[in-house]
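Reviewing the structure listed below.
From a predicted model like this one, the values you see are computed outputs, not experimental measurements. Ligands are counted one by one from 1 in listed order, and the atoms in each one are counted from 1 as well.
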Amino acid sequence: MFKKILIANRGEIACRVAATARRMGIQTVAVYSDADAGAKHVQACDEALHIGGSAPKESYLRWERILQAAQETGAQAVHPGYGFLSENEDFAKACAAAGLVFIGPPASAILAMGLKAESKRLMEQAGVPLVPGYHGANQAPALLQAEADRIGYPALIKASAGGGGKGMRVVEKSEDFAAALASCKREAINSFGSDAVLIEKYVQRPRHIEIQVFGDTHGNCVYLFERDCSVQRRHQKVLEEAPAPGMTETLRAQMGAAAVAAAKAVNYVGAGTVEFIVEQTAYDQPESMRFFFMEMNTRLQVEHPVTEAITGLDLVEWQLRVASGEPLPLRQDQLRIQGHAIEARICAENPDNNFLPATGTLQVYRKPQASSFERSTVRIDDGVREGDTISPFYDSMVAKLIVHGDTREQALARLDTALAQTHIVGLNTNVQFLRHVVRSDAFAMAKLDTALIQRESAVLFKQDPVGLQAAAAAVIADALRLEAAAQGADPFSRRDGWQSHGTTRRRFELEYDGQPVRAVLTYGPQRLLQVGEGAEAALQLTPQGDGLWVQFNGARIHSTVHAQGETCHVFTPQGATRIGLLDPLAHAGEAAQEAGRLTAPMPGKVVSFAVKAGDKVKAGQPLAVMEAMKMEHTISAPKDGVVAELLYAPGDQVADGAELLKLAV
Ligand code: ADP
Ligand code: ADP
Ligand code: MG
């Protein structure tokens with residue numbers, strides 16, 4: 001076994017590889033770019049070398065520099081992770097030339113599977129079923145059009161060198177073909193440096209089911225069952241699970257055998273994935289499922305943890321053993337499926353805006369509790385920590401959440417809970433969207449196909465399961481708690497300090513879904529809250545953990561509030577939402593200007609007046625000082641004018657909204 005390896009990657013996969021290496025007593029070397037100087041993967045390794053600028057081209061794709069780093073540090077092998085150099089046959093060759101083991105398949109296998117069209121020709125020879133289509137070398141547009149017409153519509157044009165869901169166009173009818181071809185070729189040449197395409201029948205009700213394969217240098221090859229990755233957006237995976245719902249033993253054995261045949265056809269060694277597109281005439285008719293080879297990914301896949309969860313194996317350990325020349329640890333007949341696993345890819349993106357990637361700082365990043373069982377039920381693979389930045393240079397994936405259960409139902413419930421416990425503030429993510437998918441009837445009932453997200457869009461987007469009333473109650477309760485904490489008081493047994501006589505009312509200005517909402521809290525024998533046009537009801541709060549139990553309007557909800565300026569992020573088991581709690585101080589001038597009066601922006605004590613009746617004042621000039629929550633706040637003149645009358649004296653307690661002085665303008 002190796003003593004030291006270099007990990008030519010970053011983020012979660014670099015951390016993932018480092019974890020297994022550490023467990024196996026193998027030293028690790030990290031490489032990093034400028035942007036990643038303080039990254040988690042750098043700390044996860046024993047040594048780290050800076051290899052260049054933030055753009056991948058200047059660092060993670062600079063393979064001469066990476067090989068040099070390996071030699072400088074005495075690493076014996078290089079793990080490429082996924083993406084970057086993982087499917088680059090030149091890099092695999094260069095490793096060998098430099099006397100390093102490339103932890104992956106032989107360069108010849110990468111090359112053979114690298115181009116979709118060529119690999120299809122090979123697979124055809126190996127007897128692996130293919131989607132009806134054209135994958136010839138002749139790229140004349142007229143011929144391509146004729147082939148598409150022969151195959152029939154809808155047809156799919158694919159960049160032969162494509163990957164990552166890019167370079168694909170669905171064509172609905174013959175008239176649209178020419179334009180789609182031109183646009184596909186443009187994208188292909190820009191993204192992959194080649195505009196060769198292939199054409200396939202666009203499979204109906206397609207499911208993406210892939211088989212994990214593993215080969216060794218002793219001629220063995222096994223399959224570690226399937227993963228269903230049908231839930232996709234923009235042809236990219238969102239949720240992955242194993243086993244595939246509805247899979248029969250017969251179909252699994254057939255697909256497994258086809259995948260092993262595909263791998264053997266290219267003398268495959270190491271971890272690989274054979275992706276199939278599966279046609280089904282109906283969702284609940286497994287016997288109608290027909291599978292076709294799509295492509296082979298000659299690397300470890302993002303979603304490998306679901307296979308690890310159902311087999312109880314560590315695929316990175318297998319990769320390391322195979323790369324160091326050991327035979328596969330298990331034979332096909334020793335492999336078993338246990339339970340069900342689902343992975344959710346948590347990405348920095350905006351699902352409500354066509355999944356546009358987002359960037360920003362993870363101001364709050366709270367993860368669900370990973371379980372400590374031997375076969376863990378909740379696993380989080382990530383490459384970031386709270387405070388880290390998701391930069392525009394790399395992938396938008398923040399973390400992978402993997403759950404395991406005895407049944408799919410149990411795994412689903414665990415995933416829902418784990419997503420509820422994932423609190424991210426500071427950038428847009430798909431966490432809530434993922435919960436909507438997980439909770440949708442279509443996913444729960446495993447009515448899977450790659451169009452699930454589009455089909456169910458009515459229930460997946462712009463949903464707020466929390467709602468205004470609960471969100472308002474949560475932020476107001478949290479504000480009361482914070483104020484009380486600042487005053488060093490116990491907020492839950494006594495009334496708030498500023499309240500003087502009898503019933504006091506306090507207003508809160510909220511913003512929900514872009515609309516201003518007013519809430520009024522009335523202090524009597526109990527706190528009564530009215531939000532917008534809603535009914536007035538008692539508000540009770542009990543702190544627990546870093547959250548609060550909030551009882552309001554007949555519901556008792558545990559909520560955690562993280563404020564980011566005036567935007568409050570409310571997390572509850574039902575879901576998360578945002579609500580603005582406007583700082584009265586920040587808006588005091590505006591409010592006063594509107595009303596033509598000068599009011600107390602918050603409840604507190606009048607400390608002093610800087611002016612007296614009859615004084616001429618200029619806009620912005622300090623007029624009075626108030627104190628609340630152990631802080632002083634200065635109230636300034638919104639406009640030029642003359643002080644007409646002071647309505648309080650220093651030392652007076654005032655409620656918020658109380659008029660402090662009259663200003664004639
Ligand atoms: P999977 O491993 O599940 O098939 P993807 O196909 O999305 O996942 O690819 C895995 C990772 O590899 C992506 O996150 C991306 O960083 C990278 N990747 C794959 N193909 C490409 C490509 N053609 N261009 C850029 N990055 C790619
Ligand atoms: P990539 O290299 O970008 O991963 P793939 O060939 O694996 O490209 O296809 C990506 C996704 O596109 C698949 O997971 C599937 O959802 C869809 N897809 C690919 N081929 C077909 C097809 N012939 N019919 C329907 N959908 C397809
Ligand atoms: Mg693919």
Side-chain angles (χ1 to χ4, degrees), residues 82-84 86-88 110 112-124 128-135 147-148 150-172 180 184 187-188 190-194 196-213 226-241 244 255 259 262 271-281 289-304 343 345 355 395 397 448-455:
Y82 53 73
F84 298 131
S86 61
E87 293 178 283
N88 184 321
I110 300 179
M113 290 298 187
L115 292 177
K116 291 184 204 285
E118 261 98 283
S119 68
K120 282 191 170 138
R121 293 201 278 272
L122 260 177
M123 292 304 106
E124 203 162 31
V128 180
L130 297 186
V131 188
Y134 171 79
H135 36 82
E147 286 294 335
R150 176 184 64 80
I151 295 159
Y153 296 91
L156 185 63
I157 311 177
K158 270 190 201 178
S160 186
K166 272 200 202 155
M168 281 193 278
R169 295 289 182 282
V170 181
V171 189
E172 297 293 343
C184 184
E187 184 173 311
N190 286 333
S191 306
F192 315 112
S194 153
V197 300
L198 60 108
I199 298 163
E200 281 178 3
K201 173 187 165 196
Y202 193 71
V203 172
Q204 293 303 295
R205 255 186 233 101
R207 275 170 73 177
H208 174 120
I209 300 181
E210 58 186 33
I211 305 281
Q212 175 72 54
V213 293
E226 76 279 6
R227 291 183 289 257
D228 190 317
C229 314
S230 298
V231 182
Q232 304 185 342
R233 52 120 175 75
R234 301 192 190 165
H235 299 300
Q236 290 170 343
K237 299 158 186 168
V238 174
L239 290 168
E240 300 109 336
E241 60 183 305
M255 291 182 73
T273 295
V274 182
E275 296 189 329
F276 294 100
I277 190 102
V278 176
E279 193 170 45
Q280 48 184 357
T281 51
M289 284 163 52
R290 289 178 63 204
F291 66 94
F292 307 102
F293 173 84
M294 215 164 23
E295 65 165 346
M296 181 168 187
N297 293 327
T298 53
R299 54 173 160 87
L300 191 68
Q301 204 92 335
V302 173
E303 58 275 21
H304 74 278
E343 172 181 281
R345 295 193 192 192
F355 298 99
D395 204 278
M397 196 165 73
L448 302 177
D449 70 59
T450 59
L452 184 141
I453 287 176
Q454 264 166 294
R455 204 158 23 87

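- The pair Arg121-Glu118 meets the salt-bridge criterion, with a side-chain N (NZ, NE, NH1 or NH2) lying under 4.0 Å from an Asp/Glu carboxylate O.
- Atom CG of Asp449 and atom CD of Gln204 lie 9.5 Å apart (nearest 0.5 Å).
- Tested against Arg227 for a salt bridge (charged side-chain N to carboxylate O under 4.0 Å, His left out), the candidates Glu240, Glu343, Glu210 yield a single pass: Glu210.
- Taking a cutoff of 4.0 Å between a charged side-chain nitrogen and a carboxylate oxygen, Lys166 and Glu187 do not qualify as a salt bridge.
- Of the possible donor and acceptor atoms, none in the side chain of Lys201 sits under 3.5 Å from a partner among the backbone N and O of Ala148.
- The shortest distance between side-chain heavy atoms of Ile151 and Glu200 does not fall below 4.5 Å.
- Heavy atoms of Lys237 found under 4.0 angstrom from ligand 2: none, in either backbone or side chain.
- For Glu275, the N, O or S atom closest to the Mg ion (ligand 3) goes by the atom name OE1.
- For Arg207 and Glu226, the salt-bridge test fails: no basic side-chain N is under 4.0 Å from an acidic carboxylate O.
- Close approach to Lys201 involves these atoms of ligand 2, each under 4.0 Å from a residue heavy atom: 22 (C), 23 (N), 24 (N).
- The contact set between ligand 2 and Glu200, taken as ligand atoms under 4.0 Å from a residue heavy atom, comprises 20 (N), 21 (C), 22 (C), 23 (N).
- For the pair Met123/Met296, no side-chain contact is recorded, criterion being any heavy-atom separation below 4.5 Å from C-beta on.
- In terms of polar-atom proximity, defined here as any N/O pair under 3.5 Å, Lys116 does make such a contact with ligand 2.
- In this structure, Glu295 pairs ionically with Lys116, as a charged nitrogen and a carboxylate oxygen lie closer than 4.0 Å.
- Residue-level check: among N/O/S atoms of Glu295, OE2 sits closest to the Mg ion (ligand 3).
- Counting the atoms of ligand 2 from 1 in the order shown, those under 4.0 Å from a heavy atom of Gln232 are 11 (C), 13 (C), 14 (O), 15 (C), 16 (O).
- For ligand 2, the atoms sitting less than 4.0 Å from at least one non-hydrogen atom of Thr450 are 16 (O), numbered in the order shown with element in parentheses.
- Looking at Met296, Met168, Lys166, Glu295, it is Glu295 that brings a heavy atom closest to atom 4 (O) of ligand 2.
- Interface atoms of ligand 2 facing Ile277, defined by a heavy-atom separation under 4.0 Å, are 15 (C), 18 (N), 21 (C), 25 (C), 26 (N), 27 (C).
- When heavy-atom distances to ligand 2 are checked against a 4.0 Å cut-off, Val203 comes that close through both its backbone and its side chain.
- Between atom 17 (C) of ligand 2 and the options His208, His235, Lys158, the minimum heavy-atom separation is to His235.
- Backbone and side-chain nitrogen or oxygen atoms of Met294 are examined, and none is located within less than 3.5 angstrom of a nitrogen or oxygen of ligand 2.
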